[in-house]
Amino acid sequence: MLVPMTQLELLGHREQLDEVLRRLQQLRAVEVAGADTPPAGGAPAPAPAGDPPAGGPGPELREVADLLARVERLLELAAPDDPTPQLPPPGTPEPPTSALAEIVRQQEDRTDGLLTRLEQLRAEGDALPRSAASLAALLPLVPELAELSDAELADLHLTTIALVLDDPEGRVAGELRDQLTDALGDRFLLVTAAVDGGSVSCLLIVPSAAAADVEALLGRDRIARVTMPEAYAHRSLASTVTTMQARLAALPGELAQAEAAVREALAPAVPALRLARGVLAARAERRAAAAHADLGERTFALRAWTPRAHVTAVADALTGLDRPVVVAEVRARERVGTPPTLLRNSRLFRPFERLVGFLSWPGQGGLDPTGLMAVVLPLLFGIMVGDVGYGVLLVAIGWWARRRWGRRSQVADDAGRILVAGGAWSVVFGALYGELFGDLGRYALGMPALWFYRGGPDALTPLLLFVLGVGVAHVVLGLLLGLWTAVRERHGGHVAERLGTLLVLCGLFALAGVAVQALPGGAVPPAVAAVVVGIVLTSVVHGALGALLGPLEVIGAIGNVLSYLRLAAVGLASVYLAVVANELARQAPLLLGLVIAVFFHALNLALAAFSPMVQALRLHYVEFFGTFYEGGGRAFAPLGAGLPAAAAMAPPTVVPAEVAGPATVPAQAATEPGTGVLPEPARS
Amino acid sequence: MELGLLAIGAGLAVGLAALAAGIAQARIGAAAMGAIAEKPELTGRAILFVALPETTVILGFAVAAMIILLLGG
């Protein structure tokens with residue numbers, strides 16, 4: 001469900017703005033109004049001359065952001081696999097930016113030489129493969145010369161120079177050849193080979209006596225070139241390539257050593273750097289939020305969105321300051337901007353919120369389809385996969401993914417839960433279809449189909465009728481929701497449109513029922529009447545174009561229902577691939593058959609985990625949501641939600657408005673960045 | 001009607017529809033990947049748009065099923 005949001009206006013003394021924002025950060029239940037857009041004019045409001053900088057945005061925001069980037073870089077080098085964050089313990093004053101800058105500077109100074117060496121190795125590792133590949137491309141062009149050693153070349157009084165020209169337009173090589181001809185006549189050999197990225201590899205062979213002149217020629221500005229590093233210069237081509245390849249082989253080891261040296265040097269500073277990262281991230285967020293405050297000479301005014309249930313908690317969080325801060329709820333018609341979206345669903349449904357947001361968050365006043373999606377999407381998935389064996393494996397994979405990555409990644413946890421739900425429905429439908437790894441259960445174990453076997457010759461009719469029934473139910477449910485929404489919003493046009501579509505669908509189903517003799521012939525006149533009235537209703541709302549758009553709308557609705565045939569199509573593809581795997585395995589010798597069966601079933605399982613989920617999502621996004629859902633919302637992004645250290649922050653005391661007694665919301669579970677999800681306010 | 005002709009007809013109904021959907025998806029998919037590279041938040045809508053032409057194949061499948069069920073006896 002959608003959490004009702006309200007807008008607050010906070011008024012206080014300007015010097016207190018930073019402290020107010022710090023407390024709101026800890027609360028993690030307030031989004032500064034306008035934070036989703038840059039401040040007016042695209043720049044922070046300038047502080048009046050002579051005023052203290054405290055609280056107001058200013059150059060410190062840039063300084064903090066720059067420092068944060070440097071800290072992140074050092075931490076990436078010091079502990080790349082350990083993102084454990086840190087903030088000062090509750091009640092401890094935050095260190096000033098200058099102190100943190102000093103810590104960073106000290107660490108950068110201490111590791112300056114090591115970092116330079118590391119950068120050099122990384123740069124070499126980036127550039128060398130390109131040079132080696134370029135020169136290797138030349139080897140077959142001059143096989144004899146390429147085989148000559150440095151000494152043999154010296155005996156012949158020849159010098160080779162390897163070049164890599166940045167020559168995407170192909171002009172430099174020709175120009176170089178012309179200039180060499182002018183200087184040396186025909187006493188040189190220049191071979192080129194184009195390589196990827198617009199570069200041209202060149203091998204230049206000249207008399208040793210003319211080498212100095214050629215070097216001078218290459219030094220001219222008009223010839224853009226990338227010369228070999230000194231370690232590879234003036235060797236034979238084969239020698240250069242061999243040396244480069246040896247160097248490439250040795251580089252990873254040296255790089256690992258350099259990285260280990262940097263890690264070791266920075267290790268003692270990791271706790272301080274983590275603390276700096278947490279403090280700076282929090283400070284940067286406060287500075288960015290302060291940019292949206294209206295600053296007077298001595299006061300500030302800030303508008304913020306918060307869940308209606310948290311209004312009292314916000315006011316309580318701002319008590320006890322040196323000077324009082326006024327917290328006032330803004331009346332609906334005076335609010336600024338659009339309210340953010342915050343969803344609150346049961347734990348079972350929560351993973352599906354991400355899928356809803358994948359398309360678009362619902363706007364305030366709309367419907368939250370998470371619950372419906374959580375019920376129907378795994379069902380559609382199960383209808384398509386419908387195999388006990390695959391279902392059990394998908395449940396196991398989902399469960400394993402949650403165990404393996406769920407604690408570190410909320411996305412992995414959600415995906416695992418969705419896969420488990422879909423896998424469970426696959427087991428149910430597998431039992432109904434009598435499928436276990438296709439027809440293996442049927443023939444090897446005598447597994448019966450509780451309903452009908454999809455691979456059989458008579459399966460098509462019941463399967464198509466079943467999925468069409470599912471489509472009718474789903475689309476009609478969406479139309480009813482759309483009708484309800486339109487009635488609630490008193491939108492006459494939408495009411496007529498959805499009512500008309502419903503009438504047309506009902507009339508057509510009734511006519512189909514008469515055609516297959518499921519309904520008596522007397523149902524025809526009311527069915528035809530429903531179709532006609534429905535088409536008229538959908539047409540009139542479109543005004544002058546109604547005669548064209550109304551029937552199109554109706555055809556679209558019928559197309560939406562037919563679209564559910566994909567449940568049958570994808571399911572049949574899955575079952576027949578499994579049958580083919582079993583057939584091939586039966587034809588081959590035992591071991592080979594086993595390998596073939598495992599390969600094809602693994603392929604089918606991979607497809608089963610992906611394709612039906614995409615199809616089920618598409619049915620929701622297009623056919624179902626299209627009948628009632630109005631997105632366009634944006635996720636609630638409260639202050640503090642993006643901070644790295646939830647555990648270390650002081651848990652604020654939150655008193656929801658509708659609860660009489662105090663209650664505590666643990667900061668650990670407060671918000672999940674990016675999803676706009678707050679926990680239920682704890683109730684006493 | 002001869003079973004082989006029915007099978008060819010049903011196959012053509014699905015196959016040609018799939019070919020058309022594939023051509024459409026190739027173009028939409030390329031554009032969608034470009035859009036996602038610029039704005040990752042469009043991933044959901046990109047999936048939606050890439051999946052849209054598949055309706056053509058589903059309609060082809062429906063026609064093929066009708067050929068088999070209605071004409072195949």
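This one's a predicted model, so the numbers in the text were calculated from it and none came from an experiment. Keep in mind that the numbers below use all heavy atoms, side chains included, and drop hydrogens, waters and symmetry copies. Proteins come first, then strands; the chains are lettered A, B, ... in the order of their sequence lines, and each starts at number 1.
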Colleague: Report yes if the distance between the aromatic ring centroids of A/Phe429 and A/Trp451 is under 6.0 Å, otherwise no.
Modeller: no
Colleague: Once you round to the nearest 0.5 Å, how far does CZ of A/Phe625 lie from CG of A/Leu372?
Modeller: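 It comes to 8.5 Å.
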Colleague: Would you mind checking which part of A/Leu565 comes under 4.5 Å of any heavy atom in chain B, side chain (CB onward), backbone (N, CA, C, O), both or neither?
Modeller: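 Its backbone and side chain both get close to chain B.
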Colleague: Should A/Ile383 and A/Tyr433 count as side-chain neighbours, where that means a heavy-atom distance under 4.5 Å?
Modeller: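 Sidechains of A/Tyr433 and A/Ile383: in contact.
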Colleague: Go through B/Ile58, B/Thr55, B/Leu59 and name the one with the most non-hydrogen pairs under 4.5 angstrom from chain A.
Modeller: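 That would be B/Ile58.
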Colleague: Anything in residues 607-624 of chain A with a heavy-atom distance to chain B below 4.5 Å? Please list those residues in order.
Modeller: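 Within residues 607-624 of chain A, the residues under 4.5 Å from chain B are A/Val614, A/Gln615, A/Arg618, A/Tyr621, A/Val622.
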Colleague: Is there side-chain contact between A/Ile418 and A/Pro378, with at least one heavy-atom pair below 4.5 Å?
Modeller: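 They are not in side-chain contact.
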Colleague: Is there a donor-acceptor contact under 3.5 Å from the side chain of B/Thr56 to the main chain of B/Ala21?
Modeller: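 Between the backbone of B/Ala21 and the side chain of B/Thr56 there is no qualifying donor-acceptor contact (under 3.5 Å).
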Colleague: Which value, rounded to the nearest 0.5 Å, describes the distance between A/Leu508 atom CG and A/Ile558 atom CD1?
Modeller: 4.5 Å
Colleague: Tell me, with the steps shown, if A/Leu468 and A/Val561 meet side-chain contact (heavy atoms from CB on, under 4.5 Å).
Modeller: CA-CA 7 Å; A/Leu468 279 178; A/Val561 172; 4.2 Å; yes
